[in-house]
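This report refers to the structure that appears directly beneath it.
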There are 2 protein chains.
Amino acid sequence: METSTRDRIVVATARLIQRQGYVGTGIKQIAAESQATLGSIYHFFPGGKEAVAVAAIRYSAREFTALLEDALDGEADPAEAVLACTRRLAAELRESGWVDGCPVTAAALETLGTASELQQVCADALNGWERLVRDKLLGCGFPAEAAHELATTVISALEGAEVTAQVNRSEEPLLAAGRQLARLVRSYGVGTPGR
Amino acid sequence: METSTRDRIVVATARLIQRQGYVGTGIKQIAAESQATLGSIYHFFPGGKEAVAVAAIRYSAREFTALLEDALDGEADPAEAVLACTRRLAAELRESGWVDGCPVTAAALETLGTASELQQVCADALNGWERLVRDKLLGCGFPAEAAHELATTVISALEGAEVTAQVNRSEEPLLAAGRQLARLVRSYGVGTPGR
DNA sequence: GCCCGACTAAAACGATCGCTCTATTCAGAG
DNA sequence: CTCTGAATAGAGCGATCGTTTTAGTCGGGC
């Protein structure tokens with residue numbers, strides 16, 4: 001099936017932001033990469049570059065949400081689930097040549113002071129992922145406060161470990177973080193949920 | 001005392017990169033912020049923008065190394081030491097209005113594919129910090145492998161939690177990460193070093 | 001006095017930025 | 001068929017990018 005022009009723009013933008021950030025990605029580069037023209041881009045996104053980026057970040061956020069859900073649902077034990085997440089991330093990162101990082105982190109860092117919509121979308125993405133992890137932990141019987149703190153820590157550590165892995169061009173930081181996070185989760189001594 | 005022009009350039013660049021990234025910071029903006037002129041900048045840094053950024057990142061790296069050393073040395077118990085780090089970071093972040101993040105993370109993310117010197121400097125900074133934490137743990141009697149994995153995890157989590165804190169404009173993510181990291185460190189059951 | 005290197009100052013370069021504008025193509029409604 | 005509006009195409013706008021170039025200032029050695 002052939003993808004629509006709009007979709008090609010969003011997907012290409014997502015990948016470009018992921019690799020070179022929001023500021024570093026030009027509208028004309030997006031046009032070239034997505035096989036669209038400037039006219040098409042401004043037709044679908046009258047809000048200009050930021051509107052394109054917002055759509056791209058939302059797309060990336062959904063994509064990572066899917067990966068997270070998949071990894072979390074695939075393992076009953078929460079510690080194993082977290083470990084599975086890091087393994088998935090590490091594999092994707094290695095396959096991309098350590099280049100395809102987290103577009104949300106990249107875009108968020110560049111628009112921190114701006115109070116733009118882009119900034120808000122990044123915040124929503126992070127909080128959504130955290131909620132995903134928290135719900136998993138709650139479902140496993142973790143007390144509310146522990147689940148909350150653990151979830152934010154897991155998401156933060158995943159982000160940071162991904163950057164570290166990219167910089168060092170090695171999956172070790174991600175895998176190490178995964179093992180340590182799993183240990184941390186297990187330290188609460190909460191078993192996997194019964195059926 | 002009056003600071004030299006060169007130093008003003010480096011310090012201003014460090015702060016600008018910290019707030020808006022490498023790509024988002026222009027040479028002319030650096031000139032304006034540091035009360036220097038383009039001529040001065042290119043006189044001290046014939047390598048241009050990247051050379052200025054390299055010096056700025058090195059400067060920031062030393063600064064954060066000092067903060068880390070200070071926090072680590074201030075507490076004998078390694079878990080408390082990690083907690084102290086997050087508290088320090090959270091305080092600085094809040095005081096800056098959630099704007100002064102980690103310039104290394106920002107610069108690293110934007111130059112990932114480029115194999116530039118900037119990229120290398122960022123990697124060196126991260127590894128230096130990790131070594132600092134690792135040595136602290138080793139000094140507390142942690143086995144080598146645990147110390148290594150813990151150290152990379154701590155640094156990664158600090159980075160990620162800082163970004164999360166900035167995006168949410170709250171110190172909670174940093175403090176939560178600190179508490180969880182402390183718990184993780186304690187889970188190894190290694191006491192503080194004897195005299 | 002003069003000169004020379006270090007440093008400052010600013011004009012100007014080509015390239016690229018995000019964006020606007022006009023023109024054109026094209027499918028479907030009437 | 002004509003008409004219409006969505007979609008595509010690309011020239012061109014002013015602004016800014018990083019950089020180069022040229023000129024000027026200033027202090028200390030001869």
Side-chain angles (χ1 to χ4, degrees), chain A residues 1-17 19-57 103 106-107 109-111 113-119 121, chain B residues 1-17 19-57 103 106-107 109-111 113-119 121:
Chain A
M1 94 169 199
E2 46 136 16
T3 56
S4 74
T5 300
R6 207 199 118 103
D7 287 350
R8 285 203 318 274
I9 294 172
V10 171
V11 173
T13 305
R15 191 174 53 229
L16 286 173
I17 289 183
R19 301 193 176 187
Q20 45 191 12
Y22 171 64
V23 190
T25 299
I27 281 274
K28 289 171 186 174
Q29 191 182 9
I30 292 175
E33 197 79 13
S34 63
Q35 311 261 49
T37 62
L38 271 183
S40 301
I41 296 183
Y42 279 93
H43 169 73
F44 289 111
F45 302 95
K49 180 180 175 177
E50 183 178 334
V52 181
V54 165
I57 293 293
L109 272 178
E110 291 179 295
T111 60
T114 65
S116 60
E117 188 185 358
L118 197 47
Q119 168 77 3
V121 172
Chain B
M1 90 164 199
E2 45 134 18
T3 55
S4 74
T5 301
R6 207 198 118 103
D7 287 350
R8 285 203 318 274
I9 295 172
V10 171
V11 174
T13 305
R15 192 174 53 229
L16 286 173
I17 290 182
R19 301 193 175 186
Q20 45 192 9
Y22 171 64
V23 191
T25 299
I27 281 273
K28 289 169 187 175
Q29 192 182 6
I30 293 175
E33 197 79 12
S34 62
Q35 311 259 50
T37 60
L38 274 182
S40 302
I41 296 183
Y42 279 93
H43 169 72
F44 289 112
F45 301 95
K49 180 180 176 178
E50 184 178 337
V52 181
V54 165
I57 292 293
L109 272 178
E110 293 179 294
T111 60
T114 65
S116 60
E117 188 185 357
L118 198 47
Q119 168 77 3
V121 172

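Every heavy atom of this structure was used, including side-chain atoms; hydrogens, water molecules and symmetry mates were not. Here the structure is a predicted model, which means the values were calculated and not measured. Every chain is numbered from 1, with letters handed out A, B, ... down the list of sequences.
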Gap between atoms CD and P, on A/Gln29 and C/dG18 respectively (whole Å): 9 Å
Qualifying residues under salt bridge (Lys or Arg N to Asp or Glu O under 4.0 Å), relative to B/Glu50, sequence neighbours excluded: none
Single hit among B/Ile17, B/Val10, B/Leu16 for side-chain contact (heavy atoms from CB on, under 4.5 Å) with B/Thr13: B/Ile17
Rounded interatomic separation in angstrom, taking CG from B/Asp7 and C1' from C/dC7: 15 Å
Distance, rounded to the nearest Å, where B/Leu118 contributes CG and D/dG18 contributes C1': 15 Å
5' priority, DNA chain C, between A/Gly39 and A/Gly24 [closest heavy atom]: A/Gly24
Stretch residues 43-53 of chain A: residues that reach within less than 4.0 Å of DNA chain C through a heavy atom: A/Gly48, A/Lys49
Which atom of A/Ala107 lies closest to which atom of A/Ile57, heavy atoms considered: CB-CD1, 3.7 Å
Position toward the 5' end of DNA chain C (nearest nucleotide), B/Leu38 or B/Thr5: B/Thr5
Euclidean distance, atom CD of residue B/Gln35 to atom C1' of C/dA9 [Å, nearest integer]: 14 Å
Separation of atom OH in A/Tyr42 from atom P in D/dG10, rounded to whole Å: 17 Å
Any A/Phe45 side-chain heavy atom under 4.5 Å of A/Val54 side chain: no
Short side-chain N/O contact from B/Ser40 to OP1 or OP2 of C/dT8, under 4.0 Å: yes
From C/dT8, D/dT19, C/dC17, nucleotide with atom closest to B/Thr37 side chain: C/dT8
Taking every non-hydrogen atom, the tightest pair across A/Thr111 and A/Gln119: O-OE1, 3.1 Å
Nearest-angstrom distance from the residue atom CD1 of A/Ile9 to P of D/dA9: 11 Å
Smallest separation among heavy atoms of A/Ala55 and A/Arg6, with atom names: CB-NH2, 4.5 Å
d(CD1, A/Ile30; C1', C/dT16) in whole Å: 15 Å
Interatomic distance where CD1 belongs to A/Ile27 and C1' belongs to C/dA15 [whole Å]: 18 Å
Nearest heavy atoms of B/Tyr42 and B/Gly48, plus distance in Å: CE2-CA, 3.6 Å
